[in-house]
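Notes follow the structure.
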Amino acid sequence: MPLFSHRSSASSGSAGSAPLPSFYSAKPVKPSKPFSAFSSTRIPWPILVFSLLCLLIGLAGTLFGLSAIRRNQPLPIFRCGTSEDTFRSFYSSSDSGKLGDDSNKGLVDRPKLLGFVGIQTGSESGERRSALRSTWFPSDPDGLLRLEQATGLGFRFVIGKSKDVKKMAMLEKEIEKYRDFMLIDVEEEYLKLPYKTLAFFKAAFKLFEADYYVKADDDIYLRPDRLATLLAKERSYSMTYIGCMKKGPVITDPKLKWYEKSGHLIGNEYFLHAYGPIYVLSAEVVASLAAARNDSLRMFNNEDVTIGSWMLAMNVHHEDNRAICDPRCTPTSIAVWDIPRCSGLCNPASKLKELHKIGMCSKSPTLPPDDI
């Protein structure tokens with residue numbers, strides 16, 4: 001009904017009535033045209049179609065969002081550049097807050113540790129990792145966290161990439177199950193071990209603030225508690241290189257395993273350097289390696305020789321410690337492997353389990369720092 005309209009009488013009134021004013025009419029009055037805002041309730045069809053289309057898109061987006069939330073998503077991976085820490089991502093995606101303290105729960109960008117230990121492993125070493133997880137290396141994330149809290153040492157398996165799709169698929173399943181890997185962007189190949197080692201130290205330095213960085217192979221029996229005691233010693237040298245130091249003849253025969261292609265640059269005998277299965281670099285040394293350009297460092301065929309050449313150039317202090325290359329379990333042994341018969345344990349998958357059953361290997365007490 002039009003606003004403020006008047007309704008006229010159905011007739012002209014009774015005979016005795018006064019005549020109607022001139023502005024009244026005996027004909028029905030047409031309603032005046034309303035304001036344009038209310039002129040029609042019909043919506044043009046293009047606008048109607050567009051509105052319906054927007055509604056359908058909105059509903060589809062809502063349904064997709066709900067399905068994505070309900071779907072089981074893979075855990076995120078903590079990344080720093082091209083390196084990835086699968087262990088820290090496990091706790092960053094949970095509600096436990098175990099990686100943070102009471103005042104600041106959550107994931108720390110670069111956690112502080114006494115030492116970070118990278119267990120170098122490869123695509124073909126699944127049995128070794130299984131043997132380690134059944135001996136001194138924890139087999140679940142909580143156990144790995146407890147070991148870190150007890151010793152101040154972080155442990156990860158360090159592995160590069162493979163062109164073999166099946167191997168990478170198997171590795172992804174293992175990562176999802178154990179969450180104990182550091183992934184680095186290098187190709188897994190024996191002749192590229194020096195490049196992998198440099199990539200490891202750079203990644204470890206970016207991901208962890210540690211006093212020491214330890215490179216260890218997956219075929220040694222290690223006592224983490226005694227390693228922590230060794231690293232906790234006070235030292236007067238900030239640039240320190242700890243290992244079982246050795247010298248030896250340079251092998252220039254291409255048919256032999258330890259052939260050194262660039263042997264003519266070294267001479268007849270190697271300079272002093274640590275055996276490859278395990279050695280330690282202090283934080284200041286690793287900081288220098290992390291800042292170096294990849295193509296500014298000479299790479300020899302053998303990884304331990306390569307590291308030794310860098311240490312010689314950097315004027316570090318060489319600390320020789322035979323407890324990290326003990327051929328048998330003793331009250332002072334930190335790392336046990338079959339030196340010099342094998343670079344690591346011979347038949348490691350079975351030997352690791354055998355050693356773990358020996359009380360002297362797995363249960364003997366940790367000695368004071370001065371005795372290690």
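The residues of the chain are indexed from 1 along the displayed sequence.
The distance from the CZ atom of Arg223 to the OG1 atom of Thr366 is 5.0 Å, given to the nearest 0.5 Å. With rounding to the nearest 0.5 angstrom, the CH2 atom of Trp337 is 10.5 Å from the SG atom of Cys346. Summarising the geometry, atom OH belonging to Tyr213 is positioned 5.5 Å from atom CZ belonging to Phe205; distances are rounded to the nearest 0.5 Å. One distance of note links CD1 of Ile159 with CE of Met168; it measures 7.5 Å at 0.5 Å rounding. For the atom pair CD1 (Ile220) and CD1 (Ile334), the distance works out to 10.5 Å, reported to the nearest 0.5 Å. Of the inter-residue distances, the one linking Ser134 atom OG with His356 atom NE2 reads 7.5 Å to the nearest 0.5 angstrom.
With hydrogens and angles ignored, the 3.5 Å screen pairs no side-chain donor or acceptor of Arg179 with any backbone N or O of Asp85.
Residue Glu127 places its CD atom among 12 or fewer non-hydrogen atoms of other residues, nucleotides or ligands, all under 6.0 Å distant. Shown here is Met170, whose CE atom has no more than 12 heavy atoms of other residues, nucleotides or ligands within 6.0 Å. When the shell of 6.0 Å around CG of Asp253 is examined, it contains more than 12 heavy atoms from other residues, nucleotides or ligands. Annotation for Arg298: atom CZ does not count as buried by contact number, only 12 or fewer foreign heavy atoms lying within 6.0 Å. Within a 6.0 Å sphere centred on CZ of Arg235, heavy atoms belonging to other residues, nucleotides or ligands number more than 12.
Remark: Asp140 pairs with no residue by the side-chain hydrogen bond (donor to acceptor under 3.5 Å, both in side chains) rule, at least two apart or across chains. By the side-chain contact (heavy atoms from CB on, under 4.5 Å) test, Ala292 is found to be paired with Ser296, Leu297, residues two or more places apart in sequence or in another chain being considered. Under the side-chain hydrogen bond (donor to acceptor under 3.5 Å, both in side chains) criterion, Ser238 pairs with Glu284, sequence neighbours left out. Judged as a side-chain contact (heavy atoms from CB on, under 4.5 Å), and not counting sequence neighbours, the contacts of Val186 are Ile184, Lys196, Ala199. Lys161 pairs by the salt bridge (charged side-chain N to carboxylate O under 4.0 Å, His left out) definition with Asp185, not counting sequence neighbours. The ring-ring contact (aromatic ring centres under 6.0 Å, His included) test applied to Phe155 returns Trp136, not counting sequence neighbours. Every side-chain hydrogen bond (donor to acceptor under 3.5 Å, both in side chains) that Lys192 has, sequence neighbours left out, goes to Glu187. The side-chain hydrogen bond (donor to acceptor under 3.5 Å, both in side chains) search around Asp295 returns Arg293, not counting sequence neighbours.
Chaining together hydrophobic side chains whose heavy atoms lie under 4.5 Å apart places Phe271 alongside Val250, Ile266, Tyr270, Phe300, Val305, Leu312.
In the hydrophobic clustering of ILVMFWY residues, with side-chain heavy atoms under 4.5 Å counting as a link, Leu132 and Leu171 come out together. Put simply, Val316 and Trp310 are part of the same group of oily side chains (I, L, V, M, F, W, Y) that touch within less than 4.5 Å, one to the next. Ile251 and Tyr190 fall within a single hydrophobic cluster, where Ile, Leu, Val, Met, Phe, Trp and Tyr side chains are chained together by heavy-atom contacts under 4.5 Å. Hydrophobic clustering places Ile358 together with Leu222 (ILVMFWY residues linked when any side-chain heavy atoms are closer than 4.5 Å, directly or through intermediates). At a threshold of 4.5 Å between side-chain heavy atoms, the hydrophobic network of Ile, Leu, Val, Met, Phe, Trp and Tyr places Phe200 and Leu113 in one connected group.
Of the charged side-chain nitrogens involved, none lies within less than 4.0 Å of a carboxylate oxygen, so that Asp164 and Lys166 do not count as a salt-bridged pair. Looking at Lys233 and Glu319, no side-chain N of the basic residue comes within less than 4.0 Å of a carboxylate O on the acidic one, giving no salt bridge.
Between Tyr275 and Ile324 the shortest side-chain heavy-atom distance does not fall below 4.5 Å. Looking at Met314 and Ser288, their side chains come closer than 4.5 Å, going by heavy atoms from C-beta outward. With contacts defined as side-chain heavy-atom distances shorter than 4.5 Å, the pair Asp211/Leu231 does not qualify. Inter-residue side-chain proximity for Lys246 and Asp304 is flagged as met; some heavy-atom pair is nearer than 4.5 Å. In this structure the side chain of Leu281 never reaches within 4.5 angstrom of the side chain of Thr240, judged on heavy atoms. Inter-residue side-chain proximity for Lys351 and Tyr221 is flagged as unmet; no heavy-atom pair is nearer than 4.5 Å. Ile278 places a side-chain heavy atom less than 4.5 Å from the side chain of Val214. A heavy-atom distance below 4.5 Å is not found between the side chains of Asp320 and Leu272.
Each of Leu193, Thr197, Leu198 was checked for a side-chain contact (heavy atoms from CB on, under 4.5 Å) with Met299, and the lone residue meeting it is Leu198.
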### Message
Walk me through whether Glu84 and Phe181 qualify under side chain to side chain contact (heavy atoms under 4.5 Å, CB included).
### Response
CA-CA 8 Å; Glu84 305 172 356; Phe181 284 89; over 6 Å; no
### Message
As a quick check of understanding, evaluate side chain to side chain donor-acceptor pair (under 3.5 Å) for Ser364 and Arg226, giving each step before the final call.
### Response
CA-CA 11 Å; Ser364 57; Arg226 292 180 183 173; 2.5 Å; yes
### Query
What's the verdict on side chain to side chain contact (heavy atoms under 4.5 Å, CB included) for Glu189 and Lys163, showing C-alpha distance, side-chain angles and the deciding distance?
CA-CA 11 Å; Glu189 186 179 333; Lys163 295 179 180 178; over 6 Å; no
### Query
After noting the C-alpha distance and the side-chain angles of Leu345 and Leu352, does the key distance pass the side chain to side chain contact (heavy atoms under 4.5 Å, CB included) rule?
CA-CA 8 Å; Leu345 289 170; Leu352 282 165; 3.7 Å; yes
### Query
Checking side chain to side chain contact (heavy atoms under 4.5 Å, CB included) for the pair Met239/Asn315: CA distance, chi angles, key distance, verdict?
CA-CA 8 Å; Met239 303 274 285; Asn315 195 31; over 6 Å; no
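Here the shortest heavy-atom pairing between Ala203 and Met182 reads CB-SD, 4.0 Å.
Annotation: disulfide bond (SG atoms under 2.5 Å apart) contacts involving residues 250-337, sequence neighbours excluded, comprise Cys244-Cys325, Cys329-Cys361.
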Donor-acceptor pairs are to be reported for all side-chain atoms of residues 114-126 against protein atoms at under 3.5 Å, with residues two or more places apart or in another chain.
from: Gln120; atom 1: NE2; to: Gly118; atom 2: O; distance (Å): 3.2
from: Thr121; atom 1: OG1; to: Arg129; atom 2: NH1; distance (Å): 2.8
from: Thr121; atom 1: OG1; to: Asp218; atom 2: OD2; distance (Å): 2.9
from: Glu124; atom 1: OE2; to: Lys167; atom 2: NZ; distance (Å): 2.4
from: Ser125; atom 1: OG; to: Asp218; atom 2: OD2; distance (Å): 3.3

For residues 257-264, which side-chain N or O atoms pair as donor and acceptor with protein atoms under 3.5 Å away, sequence neighbours left out?
from: Glu260; atom 1: OE1; to: Asn302; atom 2: ND2; distance (Å): 3.1
from: Glu260; atom 1: OE2; to: Asn301; atom 2: N; distance (Å): 2.8

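For Phe137 and Phe157, the gap between ring centers is short of 6.0 Å.
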